[in-house]
Amino acid sequence: MAGGGAAAASALSSPWRALLQRALDANAHLRHSTYFQLATVGAGGRPANRTVVFRGFQEHSDKIQINTDARSNKIGEIRNCPFGEICWYFADSWEQFRISGSIDAIDGSSADPAKLQNREKAWFASSVRSRLQYLGPQPGVPIIDDEQVKDVHLDPSAVPVEAFCLLVLDPEMVDYLNLKSNQRLIFTRSHKDDGSVDWMAEKVSP
């Protein structure tokens, strides 16, 4: 895998992360390779699923970042049940990653300065066009006037707006399937006595 120094060390911090980075590199020419499905537990215990954009890993960790609207239904779902699962398929290399864990929804009301800083970094890492969507009407509500949607302006230097929320998924289990080699691996996270994290890998039948 290409890269060196701190970046390479970070990418190899867990065994599944190296596989995922390889898949990202191999499918980088496909625009949709950074899109995956995020499933949460909806109202009444029913599944809720949608396509979101990979916004990178949180610095110095394997936690996966996703930008979303704080007014969307998924926020209430996550507050009610913080567990979710990513399903990520790479079309060219025929690889699937199912990544499950707990999700932290970070909006402007967070009392943690470090989380607010990560939220601000994610905001400015997004394009201005992407940021504009958070100034529109609440997702899912009927549109009365199309002009209300069109007439939106944003100062590129402005801090995150109230509707901007950063989701951070902390992986606990990764189910990896390679359809070309017919190989399936399940990675499970455990905690050592000293508080550090360890990943166990098990080869299973596809």
Colleague: In Å and rounded to the nearest 0.5 Å, what is the CG to CG distance from N178 to L185?
Modeller: 9.0 Å
Colleague: Can you pull the ring pair (Phe, Tyr, Trp, His ring centres under 6.0 Å) pairs that have at least one residue in residues 114-145, sequence neighbours excluded?
Modeller: W123-F164, Y134-F164
Colleague: For the CZ atom of R17 and the CZ atom of R22, what is their distance to the nearest 0.5 Å?
Modeller: 15.0 Å
Colleague: Indicate if V52 and I75 have the same hydrophobic cluster label, given that clusters are the connected sets of ILVMFWY residues with side-chain heavy-atom separations under 4.5 angstrom.
Modeller: yes
Colleague: Under 4.0 Å between a side-chain nitrogen and a carboxylate oxygen: does that hold for R79 and D107?
Modeller: yes
Colleague: Taking R184 for the side chain and K203 for the main chain, is one N or O donor matched with an acceptor at less than 3.5 Å?
Modeller: no
Colleague: When you compare the side chain of D104 with that of L167, does any pair of heavy atoms fall below 4.5 Å?
Modeller: no
Colleague: I want to check something: taking the side chain as every heavy atom from C-beta on, are N118 and L166 in contact at a cut-off of under 4.5 Å?
Modeller: yes
Colleague: Before we go on, tell me: are the rings of F97 and W88 under 6.0 Å apart, centre to centre?
Modeller: no
Colleague: So among T68, N49, T40, D69, which one has a side-chain hydrogen bond (donor to acceptor under 3.5 Å, both in side chains) with K74?
Modeller: T68
Colleague: Identify whether V53 and I106 are in the same connected component of the hydrophobic contact network (ILVMFWY, side-chain heavy atoms under 4.5 Å).
Modeller: no
Colleague: Taking N27 for its side chain and A23 for its backbone only, find out whether a donor-acceptor pair lies under 3.5 Å.
Modeller: yes
Colleague: Less than 4.5 Å apart, side chain to side chain, heavy atoms only: is that true for I99 and F36?
Modeller: no
Colleague: Does the pair Q65 and N67 meet the rule for a side-chain contact (heavy atoms from CB on, under 4.5 Å), with working shown?
Modeller: CA-CA 7 Å; Q65 298 191 141; N67 296 345; 5.6 Å; no
Colleague: Do you reckon V161 sits in the same ILVMFWY cluster as L132, going by side-chain contacts under 4.5 Å, direct or chained?
Modeller: yes
Colleague: Are L38 and F90 linked, directly or through other ILVMFWY residues, by side chains that come within less than 4.5 angstrom of each other?
Modeller: yes
Colleague: I'd like to know whether CG of D194 has more than 12 heavy-atom contacts from other residues, nucleotides or ligands below 6.0 angstrom.
Modeller: yes
Colleague: Tell me, do S126 and R55 make a side-chain contact under 4.5 Å, heavy atoms counted?
Modeller: yes
Colleague: Rounded at 0.5 Å granularity, tell me how far CG in N182 sits from OG in S205.
Modeller: 7.5 Å
Colleague: Stepwise, does the side-chain contact (heavy atoms from CB on, under 4.5 Å) test hold for W199 with W16?
Modeller: CA-CA 9 Å; W199 284 93; W16 61 266; 3.3 Å; yes
Colleague: Quick one: are V174 and I186 in side-chain contact, heavy atoms under 4.5 Å?
Modeller: no
Colleague: Test S157 against D155 for side-chain hydrogen bond (donor to acceptor under 3.5 Å, both in side chains), laying out the working first.
Modeller: CA-CA 5 Å; S157 63; D155 179 354; 2.9 Å; yes
Colleague: Within the supplied structure, the quantity of interest is the number of heavy atoms (other residues, nucleotides, ligands) at a distance under 6.0 Å from Q183 CD; does it exceed 12?
Modeller: yes
Colleague: Determine the minimum heavy-atom distance between V128 and P156, stating which atoms define it.
Modeller: CG2-CB, 4.1 Å
Colleague: What's the spacing between S93 OG and D25 CG if we round to 0.5 Å?
Modeller: 10.5 Å
Colleague: Residues two or more places apart in sequence or in another chain: which of them pass salt bridge (charged side-chain N to carboxylate O under 4.0 Å, His left out) with R129?
Modeller: none
Colleague: Between Q96 and C87, which heavy-atom pair has the shortest distance, and what is it?
Modeller: OE1-SG, 3.7 Å
Colleague: Please report the interatomic distance OG(S196) to NE2(H191), rounded to the nearest 0.5 Å.
Modeller: 9.5 Å
Colleague: Looking at every heavy atom in both A28 and S33, which two are closest together, and how far apart are they?
Modeller: CA-OG, 4.2 Å
Colleague: What I'd like to find out is whether the side chain of F83 reaches to under 4.5 Å of the side chain of L169, using heavy atoms alone.
Modeller: no
Colleague: Checking side-chain hydrogen bond (donor to acceptor under 3.5 Å, both in side chains) for the pair S14/D62: CA distance, chi angles, key distance, verdict?
Modeller: CA-CA 8 Å; S14 57; D62 292 323; 3.0 Å; yes
Colleague: Among the clusters formed by ILVMFWY side chains lying less than 4.5 Å apart, do I86 and L24 turn up in the same one?
Modeller: yes
Colleague: Hey, are E77 and R50 close enough for a salt bridge, meaning a charged N less than 4.0 Å from a carboxylate O?
Modeller: yes
Colleague: Begin from the C-alpha positions of V168 and I64 and carry the test side-chain contact (heavy atoms from CB on, under 4.5 Å) through to its verdict.
Modeller: CA-CA 6 Å; V168 181; I64 294 172; over 6 Å; no
Colleague: Less than 4.5 Å apart, any side-chain heavy atom of E85 and any of R98?
Modeller: yes
Colleague: Do the side chains of K180 and E95 get close enough for a salt bridge, i.e. N-O under 4.0 angstrom?
Modeller: no
Colleague: Determine the minimum heavy-atom distance between C81 and V41, stating which atoms define it.
Modeller: SG-CG2, 3.9 Å
Colleague: Return the CE to OG1 distance between M173 and T188, rounded to the nearest 0.5 Å.
Modeller: 6.5 Å
Colleague: Under 4.0 Å between a side-chain nitrogen and a carboxylate oxygen: does that hold for R189 and D170?
Modeller: yes
Colleague: Within the side chain of Q133, is there an N or O that forms a donor-acceptor pair under 3.5 Å with the backbone of S130?
Modeller: yes
Colleague: Does any non-hydrogen side-chain atom of I66 lie less than 4.5 Å from one of F54?
Modeller: no
